[in-house]
Structure formats: structure tokens, C-alpha cells
Undergrad: 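Take this structure, written in C-alpha cells, and hold onto it; I'll ask about it next.
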Amino acid sequence: MTAKEAITAAKEHVQDLFRDEGIARVGLEELDFRDAPRAWDVTIGFTRRLPNPDSPMSSIAAALGGSGERVYKIVRISEDGEIMSLKHRHFAVSD
């Protein structure tokens, strides 16, 4: 499986799993090939609607021109194209 094939498979997998949640702006964030197990780790980011439109975070997102929070998922795909796992990816925010 090539890098481009892994990215396409990861995007399609994320879009399929979260299709009922109204996600948008799906895109590649990171790509890494692991030797053991031989697999691609593809980090996909997307915007998800905030569950409570009256929350302070919704007001901040709207003020910044966004419609929800940015979420990141790592999709692990084996060399033969099998989806092995999906995990949440946290990015540390520093001052």
C-alpha cells in the first residue's frame, strides 16, 4: 500500500464512521510508516459540531469563524490495506 492509498483509505474510514455527526474539513494532519507492525499511522483532522450551541466554546468558535471543535484521529492501516485501529490524537497546547 502506498502512502497516497493509505491517506485515501484513512479519510474514507473516518468519513464513514462519523458521517452521522456532521463532520467537515476532513484532512491529512500526519503520516507515519511503522516497521513493527508494518503499517501506516495516518492522523486525520476534522471539524465536529459542538454538542451544546449555548456553551462558551461555541461562542468562541463562532467568533473565530469556526463551527465546531477540531478533532484528530489516528487510523492504523496494515500494509495490505486492513484497518487495524482508530485512536484519538491529542495535541499539546503550549504558551
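One-based numbering along the sequence shown. Basis for what follows: all heavy atoms, side chains included, without hydrogens, waters or symmetry-related copies.
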Undergrad: Mind checking whether Lys73 and His88 have side chains closer than 4.5 Å, heavy atoms only?
TA: yes

Undergrad: Would you mind checking if Arg89 and Glu30 are paired as a salt bridge, meaning a charged N to carboxylate O distance below 4.0 Å?
TA: yes

Undergrad: Report yes or no: does Trp40 contribute a side-chain atom to a donor-acceptor pair with the main-chain N or O of Met1 at less than 3.5 Å?
TA: yes

Undergrad: Side chains of Glu79 and Phe33, heavy atoms from C-beta outward: is any pair under 4.5 Å?
TA: yes

Undergrad: Working to the nearest 0.5 angstrom, can you tell me the gap between Ile74 CD1 and Leu86 CG?
TA: 9.0 Å

Undergrad: Could you tell me which non-hydrogen atom of Met84 sits nearest to which non-hydrogen atom of Ala39, and how far apart they are?
TA: SD-CB, 4.0 Å

Undergrad: Would you name the heavy atoms of Arg70 and Ala24 that are closest together and state the gap between them?
TA: NH1-O, 4.2 Å

Undergrad: Can you name the nearest heavy-atom pair linking Ala10 to Val75, along with the distance?
TA: CB-CB, 3.9 Å

Undergrad: Side chains of Thr47 and Arg25 only: does a donor on one sit below 3.5 Å from an acceptor on the other?
TA: yes

Undergrad: List the atom of Asp35, the atom of Arg38, and the distance in Å for their closest heavy-atom pair.
TA: O-CG, 3.0 Å

Undergrad: Kindly compute the distance separating CG (Leu17) from CD1 (Ile44), expressed to the nearest 0.5 Å.
TA: 12.0 Å

Undergrad: Where is the tightest heavy-atom contact between Ala9 and Ile77, given as atom of each residue plus distance?
TA: CB-CD1, 3.9 Å

Undergrad: What pair of heavy atoms forms the shortest contact from Val71 to Arg48, and how long is it?
TA: CG1-NH2, 3.9 Å

Undergrad: Rounded at 0.5 Å granularity, tell me how far NZ in Lys87 sits from OG1 in Thr43.
TA: 11.5 Å

Undergrad: Could you tell me whether the side chain of Glu21 and the main chain of Phe18 form a donor-acceptor pair under 3.5 Å?
TA: no

Undergrad: Look at the side-chain heavy atoms of Ile, Leu, Val, Met, Phe, Trp and Tyr, link any pair under 4.5 Å apart, and say whether Val26 and Tyr72 land in one connected group.
TA: no

Undergrad: Are Phe46 and Leu28 grouped together when hydrophobic residues (ILVMFWY) are joined by side-chain heavy atoms under 4.5 angstrom apart?
TA: yes

Undergrad: How far does CG of Leu31 sit from NZ of Lys4, to the nearest 0.5 angstrom?
TA: 12.0 Å

